[in-house]
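For reference, the structure discussed in these notes is given below.
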Amino acid sequence: EVVARFAASPDGHFEIVTADSPESVRATMPADWSESLGPDFIGRVRYVRTFQKPTGLEPGDKVWLCVEPPRSLGIVRLANHPLGRVHGSGSAGRFEITTLLADRNRLEIVVEHPALDEEGKPADGFLSRGPGGLVGEVRLEIEPGI
C-alpha cells in the first residue's frame, strides 16, 4: 500500500504527497517495488502480512522476527507495537516477539525510499541504489529454551 510518494523540489528537497496514490497490490517477496510501482517510484510503502503463532512452542522458547534491510529505511511493527527500524546500510533487524504473539498476528513494515532527514533531503545516498522495497528476507526464528 502506497502511503505517500515523494516529489522532488528544485532545491533538492522532497515533498511528501499523499493524494492520488496507486491502489494496493499483492506482491511476492522479497523484491523491490519496480514491478508494481515502476522503477522510478520514490516514497513510502506499507507492507502487511498476517501469520499464525508458531505451534509447538515450549516454555522458555523465544521467537524472533528477523528483517533483512530494505533499500533505505524500514519501520517495523507487530500488532501496532513498534519494534524498531532497519536501515539499508546496516545489518538485519532481530526483534524478540515472544510475548507479543497472539493466535493471529499482523506484521507491518513501512519502507521509505529514500530515507529523508528532518529537512526532507535524502539521508542515505539513494541515487546510487535501485528501486525501493523489501529486498531481503523477513522470517521467524525460534530459539529453544534451556
Q: Could you name each residue pair satisfying salt bridge (Lys or Arg N to Asp or Glu O under 4.0 Å) that touches residues 132-146, not counting sequence neighbours?
A: Glu68-Arg139, Arg94-Glu141, Arg94-Glu143, Glu137-Arg139, Arg139-Glu141
Q. Of all residues at least two apart in sequence or in a different chain, which pass the side-chain contact (heavy atoms from CB on, under 4.5 Å) check with Ala8?
A. Phe14
(Q) Can you pull out every side chain to side chain donor-acceptor pair (under 3.5 Å) where at least one residue sits in residues 3-19? Sequence neighbours excluded, please. (A) Ser9-Glu15, Asp11-His13
Q) Can you list the residues that meet the ring-ring contact (aromatic ring centres under 6.0 Å, His included) rule with Phe41, with sequence neighbours excluded? A) Trp33
Q: Name all residues meeting the side-chain contact (heavy atoms from CB on, under 4.5 Å) criterion together with Glu96; count only those two or more places apart in sequence or in a different chain, and write none if there are none.
A: Lys62, Trp64, Thr98
Q: Can you spot which of Leu78, Val76, Leu100 makes a side-chain contact (heavy atoms from CB on, under 4.5 Å) with Phe95?
A: Val76
(Q) Using a 6.0 Å cut-off, check whether atom CZ of Arg85 has over 12 heavy atoms from anything other than its own residue. (A) no
**Q.** Pair Val110-Leu73, side chain to side chain contact (heavy atoms under 4.5 Å, CB included): steps then yes or no
**A.** CA-CA 8 Å; Val110 175; Leu73 172 68; over 6 Å; no
Q: Only pairs at least two apart or in different chains count here, so list each side chain to side chain donor-acceptor pair (under 3.5 Å) that has a residue in residues 22-31.
A: none
**Q.** salt bridge (Lys or Arg N to Asp or Glu O under 4.0 Å) contacts in which one or both residues fall within residues 28-38, not counting sequence neighbours
**A.** Asp32-Arg71
Q) Which residues pass the salt bridge (Lys or Arg N to Asp or Glu O under 4.0 Å) test with Glu108, sequence neighbours left out? A) Arg46, Arg106
Q: For Thr99, check side chain to side chain donor-acceptor pair (under 3.5 Å) against everything at least two apart and list the hits.
A: none
Q | Shortest non-hydrogen separation from Val86 to Pro70 and the atoms involved | A | CG2-CD, 3.4 Å
